[in-house]
Enquirer: 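Before anything else, here's the structure in question.
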Amino acid sequence: MKLSIITINFNNHDGLQKTINSVIAQTWKDFEWIIIDGGSTDGSKNLIEQYDKYITYWISEPDKGIYNAMNKGIKIARGDYLQFLNSGDYFYNEKVIEKFCNRNNIEDVIYGNAILVNTNGQELAQWIAPDILKLSYFWSHTLNHQALFFNKRCFNCYLYNENNKIASDVELFITLLYNHYSFAKYNEFIVQFNVTGISSQKTGINEFDPIINRILPYSVRADYNDIIMFRDVDLAIMIKKIINSNKFFRHLTRIFLYPIYQLCKFFYK
């Protein structure tokens, strides 16, 4: 099994150095490594040239954003599985790739755990992946993108939506899950993830509703919204939503009118 590691970078020289150190320290060497640099002006290109012998393919040119850069890497990749390790992020230890490649990998998406760190490498928290992945999970959560391994076949039909600013990973997850691609938890720590990066920001919430509207048919979307109404909410808030819904008044009307209807049938038959 061949693995492709894809690293994207833009003006993050110091973060890229950490990522490079992590990749070349891996005990398993049978992988290809692709670096897509967005035309950095901070010395990143010189750093890439310095480690050229470790890199299968690299390019440094302006791009249209993070997902455009990732799609460039996907189109070049030749591995059976793809893993995205962005500049500033690094593997949990030197055995990560060895353990993964010795695993019997058959699933479409394999997702693991991550350590959240700051720029100084100080551990802030542990991110533990869900045991079972459901569509409703993505209402208020997402997977750690750097802790994922994608089978290359995932990208035969789908790429990252370059129109989104930072939520295209969520769009891809939901698309694959809804279209019956298999997901499996891999209960190992994969990366140490720098939470100061763009992918950790919250503005992607504004892109969520349009994503759901694009992917799910109307009837499925309605069921999804009903499920979400009962998930992870305060009981008082849930009751208020029920009372304010049209369904509540329809059911309430039936409850009160049905006995009257039965009495009417009895007396006027």
Side-chain angles (χ1 to χ4, degrees), residues 3-8 65-75 77 79-86 89 100 103 105-116 126-191 193-195 197-217 220-221 223-225 227-228 231-232:
L3 176 69
S4 298
I5 301 171
I6 299 173
T7 297
I8 65 170
I66 182 172
Y67 296 114
N68 178 246
M70 291 165 71
N71 284 338
K72 285 183 181 180
I74 291 168
K75 293 172 183 177
D80 301 301
Y81 279 86
L82 279 61
Q83 191 268 342
F84 296 86
L85 190 71
N86 294 342
D89 303 324
F100 176 77
R103 180 183 182 272
N105 299 303
I106 59 174
E107 301 89 353
D108 295 311
V109 182
I110 300 167
Y111 58 95
N113 306 321
I115 303 291
L116 279 58
Q126 294 185 353
W127 184 86
I128 305 299
D131 293 325
I132 300 174
L133 194 62
K134 300 178 181 179
L135 196 61
S136 59
Y137 178 81
F138 294 104
W139 174 261
S140 55
H141 305 84
T142 188
L143 300 174
N144 186 284
H145 191 266
Q146 281 81 347
L148 269 67
F149 300 88
F150 294 91
N151 193 298
K152 186 63 160 62
R153 61 177 169 261
C154 293
F155 299 108
N156 291 339
C157 297
Y158 307 105
L159 291 172
Y160 290 98
N161 184 345
E162 297 179 14
N163 294 320
N164 294 329
K165 292 183 178 180
I166 64 172
S168 285
D169 51 349
V170 175
E171 180 165 352
L172 180 64
F173 301 153
I174 295 175
T175 299
L176 294 174
L177 191 61
Y178 182 70
N179 286 282
H180 309 294
Y181 285 77
S182 59
F183 284 71
K185 179 176 179 177
Y186 176 42
N187 198 23
E188 296 280 349
F189 284 100
I190 307 301
V191 295
F193 171 67
N194 186 348
V195 297
I198 185 172
S199 58
S200 65
Q201 297 174 14
K202 302 293 185 181
T203 55
I205 192 66
N206 297 324
E207 298 173 352
F208 184 80
D209 285 344
I211 287 171
I212 289 296
N213 291 338
R214 281 196 297 271
I215 299 172
L216 303 183
V220 177
R221 211 159 60 232
D223 286 342
Y224 183 84
N225 289 334
I227 292 170
I228 294 304
R231 174 191 160 85
D232 295 339

Enquirer: Taking N161 for its side chain and S168 for its backbone only, find out whether a donor-acceptor pair lies under 3.5 Å.
Expert: no
Enquirer: If you take all heavy atoms of I66 and K165, which pair is closest and at what distance?
Expert: CG2-O, 3.8 Å
Enquirer: Measure the spacing between CD of E162 and CE of M70 and express it to the nearest 0.5 Å.
Expert: 10.5 Å
Enquirer: Tell me whether Q83 contacts the main-chain N or O of Q146 through its side chain, where contact means a donor paired with an acceptor under 3.5 Å.
Expert: yes
Enquirer: Would you say D108's side chain and S182's backbone share a donor-acceptor pair under 3.5 angstrom?
Expert: yes
Enquirer: What about Y178 and F138, are their ring centers closer than 6.0 Å?
Expert: no
Enquirer: Salt bridge check, R103 against E188: does any charged N sit closer than 4.0 Å to a carboxylate O?
Expert: no
Enquirer: Let's go through F173 and Y111 carefully: what are the C-alpha distance in whole Å and the side-chain angles of both, what is the deciding distance for ring-ring contact (aromatic ring centres under 6.0 Å, His included) to 0.1 Å, and is it a yes or a no?
Expert: CA-CA 11 Å; F173 301 153; Y111 58 95; 9.0 Å; no
Enquirer: Between D89 (side chain only) and L85 (backbone N and O only), is there a donor and an acceptor less than 3.5 Å apart?
Expert: no
Enquirer: If you take all heavy atoms of G112 and W127, which pair is closest and at what distance?
Expert: O-CZ3, 3.1 Å
Enquirer: Evaluate the ring planes of Y160 and F155, with Trp represented by its six-membered ring, and classify them as parallel (under 30°), tilted (30 to 60°) or perpendicular (over 60°).
Expert: tilted
Enquirer: Calculate, to the nearest 0.5 Å, the distance between atoms OH and CZ belonging to Y181 and R153 respectively.
Expert: 8.5 Å
Enquirer: Using 30° and 60° as the class limits, which term best fits the ring planes of F100 and F149: parallel, tilted or perpendicular?
Expert: parallel
